[in-house]
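Encoded as structure tokens, the structure appears first; notes follow it.
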Amino acid sequence: MKKTTFALAAAALIAAGASANAQTPARTSTLDAVKGRGVLTCGVNTALPGFSSPNSQGVWQGLDVDMCKAIAAAVFGDATKTKYVPTTSQQRFVALQSGEIDVLTRNATQTLLRDTTLGLHMAGVNFYDGQGFIVKRSMNVTSAKQLDGATICVQPGTTTELNLADYFRSNKMKFTPVVIERLEENIAAYQAGRCDVYTTDASGLASVRSNLQVPADHVILPERVSKEPLGPMVRKGDDQWFAIVKWTLTAMIEAEEYGVTQANVDEMLKSTNPGIQRMLGVTPGFGKALGLDEKWAYNVIKQVGNYADSYERNVGPKTPIGLERGVNDLWTKGGLMYALPLR
Ligand SMILES: N[C@@H](CCC(=O)N[C@@H](CS)C(=O)NCC(=O)O)C(=O)O
């Protein structure tokens, strides 16, 4: 009798598992699928210089592209084994849910509803941001509070669209939205005067401005009207893959904390600091725990760099994007970047 009950319960569990499998393609190991394919597929922006855009030779570059390369370096020991799938704000989550991409490395904000209803997990924050507004200098506007009655270009399927409505409502102002899916068309509409204002994450504004014909003719207004913690996302239901993405980003930040850079990582293999020894695989066990080679983090730092290397190269003050570290600096320097202990 007991045996029958057990068998029935087991059968029910298997059936439940099977139906969950049918709904969630992520149930097969993403790591195995990526390794089998020999390439990591990342969902990126269509063209957001500094974050992800192809250069004149068609080579993808940017902070979010580096996130993708870092995962490839951790998995394959080769940061070039990547494929980039450009996605609009509206397509991006479906691309991840459907398995078209292995990871979304594309300025996606973590929110409660996205976390609970999309079947996706945010694996960390690689850029702390906030929403802003860009206007033509000739409008002589110095504050978002002066935008009552403005026509505003915005991309659908974004937190931007929602925050925009909140901000204007709470400041008792009116606006006319012009909702356009593709970034380039938003920018064209803004430049052609179809809208007075373009709104998105401030990092996106800096990127967009660097691409305008005369950047100095446009002003990013000082208000930040939301919190936009941006970072890589994975499908729910594959804890190992989630851990790989999470700890790859963590390793980049941890390396900056330890002063281990792309330039000195080989020298650092001789370090007597136990934390550095664990991170670089000199003390083994940490790669194995992730299902990766012990040199996983070494490969990330050697081939892509630590978080600061990537930040300065792609979006820092010396680049056309020109973003100070600000809240994206290490916690030891007054910022929010804090690596969970790699031990
Ligand atoms: N962080 C916001 C906005 C993300 C977003 O899609 N921003 C636009 C404006 S910067 C974008 O990335 N466009 C680039 C593209 O469509 O290629 C969100 O997750 O909803």
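Start at 1 and go down the list; that is how both ligands and their atoms are numbered.
Under 4.0 angstrom from ligand 1, the non-hydrogen atoms of Thr159 come from both its backbone and its side chain. Here Arg106 has side-chain heavy atoms under 4.0 Å from ligand 1, and that is the only part of it that gets that close.
Ring geometry, Phe242 versus His121: the interplanar angle falls from 30° to 60°, so the pair is classed tilted.
Annotation: side chain of Val260 is in contact with side chain of Met279 (closest heavy-atom distance under 4.5 Å).
Of the protein's non-hydrogen atoms, the one nearest atom 12 (O) of ligand 1 is Asn45 OD1, 2.7 Å. Looking at atom 13 (N) of ligand 1, its nearest protein heavy atom turns out to be Gln155 OE1, 2.9 Å. In terms of protein heavy atoms, atom 10 (S) of ligand 1 is closest to Thr200 OG1, 3.2 Å. For atom 4 (C) of ligand 1, the nearest non-hydrogen atom of the protein is Asn107 O, 3.4 Å. Remark: minimum distance from atom 17 (O) of ligand 1 to any protein heavy atom is reached at Thr46 OG1, 2.4 Å.
Tyr307 has its ring centre no less than 6.0 Å from the ring centre of Phe127. The six-membered or imidazole ring of Tyr198 lies away from that of His218, with a centre-to-centre distance of 6.0 Å or more.
A search for side chain to side chain donor-acceptor pair (under 3.5 Å) contacts involving Thr332 returns nothing, not counting sequence neighbours.
Every heavy atom of Glu181 sits 4.0 Å or more from the atoms of ligand 1. Ligand 1 is never approached by Phe93 to a heavy-atom distance shorter than 4.0 Å.
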